[in-house]
There are 2 protein chains.
Amino acid sequence: MKTIEEFLESKNIRVTAMRLLIYKFLAEKQVAVTLSDIENAFEKADRTTLYRTIKTFEEKEIVHQIDDGTGITKYTLCEKGCNCEIETDLHLHFHCNNCNETICLTEHKIPQIKVPDGFVSENVNLVVKGICDKCSGQ
Amino acid sequence: MKTIEEFLESKNIRVTAMRLLIYKFLAEKQVAVTLSDIENAFEKADRTTLYRTIKTFEEKEIVHQIDDGTGITKYTLCEKGCNCEIETDLHLHFHCNNCNETICLTEHKIPQIKVPDGFVSENVNLVVKGICDKCSGQ
DNA sequence: TAACCAATGCAATGGAAGTGCATTTATTGT
DNA sequence: ACAATAAATGCACTTCCATTGCATTGGTTA
Ligand SMILES: [Mn+2]
Ligand SMILES: [Mn+2]
Ligand SMILES: [Zn+2]
Ligand SMILES: [Zn+2]
C-alpha cells in the first residue's frame, strides 16, 4: 500500500502541501468535481494554483476530465488501470438530472460503436443522463 | 412539399426575413454550425438576434444542439422524425479531429446502454471523435 | 388609426478557462 | 551552509462564449 506521497513521486510530480490536500479531497469524493468545487473547499488557496494543480494531475494521468454536457469540466481520480487515452478502455459516465452529480461507471465499458465507411473512430465520449441510485431511492 | 414559410408556421413561430435566412443557411450546411458560424454568415445582423433565433428554433424543435466536447455548442436542423428528447431515438454524433467539423450520424442509433441497479437512464449523449470520410481520403 | 405584442438591436454582464509575470519555496551543486 | 537554479504559487489580467435588460422597430389586430 503506497502512501500518497510515494504515489505522486511515482508519477514524477513533486509533493507539495497543496497537491496532497487536493489529492485527498478528490479521493474522499465519490463524484466528479468542478474547479469551483475545489475552490470552495480551499478558499485560502489561489484559483490559479488549484487550476494548475488539476492540470498537472491530468497530464500525469492522476485524474481525468469528464465532459458531462453541463458545460463545466469535471475531474475525477483515475482508477488503477484507467487508460484514459485508449479508446477500448473507456468507461461511461453518468450525470444525475436530480442531484446534478456526475460519476464514473468504471466497470461499464462503452460498447463498440460502428461508424460509416470512411470514418475512423479514435475516441468516444458517452454520457448517460438520468436519476442516480441515491436519488431514485432504492 | 411544404415551403419553409409553411413549415415555420406549422411550428408556431412567426415568419421573419431573418428566420428564413437562418433556416436556409442551416439547410444548406451538411455539418453542425456554431453561433459564430452564423454570425460570420450574417455580419449585418446582430449577434443577439441570431442567438435568439437559434434558441427559438431549438424550443420549437426545429434544430437540436450538439455538445461535441469542443466546448462550443453546435446546432443542426432536426431531421424529419427527429424526436430529440426521446432516448430511444437518439442518434450519435461524429466530430472530426482533423477538419474540426461535427455531423449527425442520423442513421446510427445509440445502442442500448446498461446502467447499474438503482440508476435510471433518461438520455444518452454519445460523441465519436476521429477522422471523417472527407479527411480520411476514401 | 391606435394599441399591442413580438422581433430586433445595443450594451452590459457573468462564468469559466487560460496566460504573463512577479514572488515564494524547494532542490541541487559547490 | 550557501549560492544558483528551477519549480510552485499568487495576483492581475484577458479571452471567449453564453445570456440578459432595456430601448426601439415592425407587424398584427381591434
Ligand atoms: Mn471516468
Ligand atoms: Mn444530431
Ligand atoms: Zn442524483
Ligand atoms: Zn474531417
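The shown structure was predicted, so the numbers you read here are calculated from the model rather than taken from an experiment. Numbers restart at 1 for each chain; the letters A, B, ... are given by sequence-line order, proteins then strands.
The CG-P distance, from D68(A) to dA16(C), rounds to 13 Å in whole Å. As rounded to whole Å, 10 Å separates atom P of dC17(D) from atom CG of L35(B). Distance CD1 (I22(A)) to P (dA8(D)): 13 Å, rounded to an integer number of Å. One interatomic measurement links the two molecules: CD of E59(B) to P of dA6(C), which rounds to 13 Å at whole-angstrom precision. Summarising the geometry, the separation between CG on L8(A) and P on dA26(C) is reported as 16 Å, rounded to the nearest angstrom. Rounded to an integer number of Å, the gap from CG of N12(A) to P of dA8(D) is 12 Å. The NZ-P distance, from K55(A) to dA8(D), rounds to 16 Å in whole Å. The interatomic distance linking R19(A) (CZ) with dA7(D) (P) rounds to 11 Å, in whole Å.
Using bins of under 30°, 30° to 60° and over 60° for the plane-to-plane angle, the ring pair H64(B)/H91(B) lands in the perpendicular bin. Relative orientation of the F119(A) and F94(B) rings is perpendicular, given thresholds of 30° and 60° on the angle between their planes.
Taking side-chain N and O atoms only, T73(B) has a distance below 4.0 Å to OP1 or OP2 of dA18(D). Dashed line: the shortest gap from a side-chain N or O of T16(B) to OP1 or OP2 of dG27(D) is not under 4.0 Å.
Among the nucleotides dA16(C), dA6(C), dA7(D), the one closest to any side-chain atom of I72(A) is dA16(C).
Rounded to the nearest 0.5 Å, atoms CZ (R19(A)) and CD1 (I62(A)) are 8.5 Å apart.
Both R14(B) and T53(A) lie near DNA chain D, and the one whose nearest nucleotide falls closer to the 5' end is T53(A). Projected onto DNA chain D by closest heavy-atom contact, Q65(B) and T56(A) fall at different nucleotides, the more 5' of which corresponds to T56(A).
Open room surrounds NZ on K114(A); 12 or fewer heavy atoms of other groups in view lie less than 6.0 Å from it. Around atom CD of E107(A), more than 12 heavy atoms belonging to other residues, nucleotides or ligands sit under 6.0 Å away.
Shown for residues 38-52 of chain B: residues whose heavy atoms fall under 4.0 angstrom of DNA chain C, namely D46(B), T48(B), T49(B), R52(B).
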In sequence, state the C-alpha distance, the side-chain angles, and the governing distance for N100(A) and H95(A), and then conclude on side-chain hydrogen bond (donor to acceptor under 3.5 Å, both in side chains).
CA-CA 7 Å; N100(A) 216 37; H95(A) 176 78; 3.2 Å; yes
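Of the candidates T34(A), D67(A), D68(A), T70(A), D68(A) is the only one forming a side chain to side chain donor-acceptor pair (under 3.5 Å) with T102(A).
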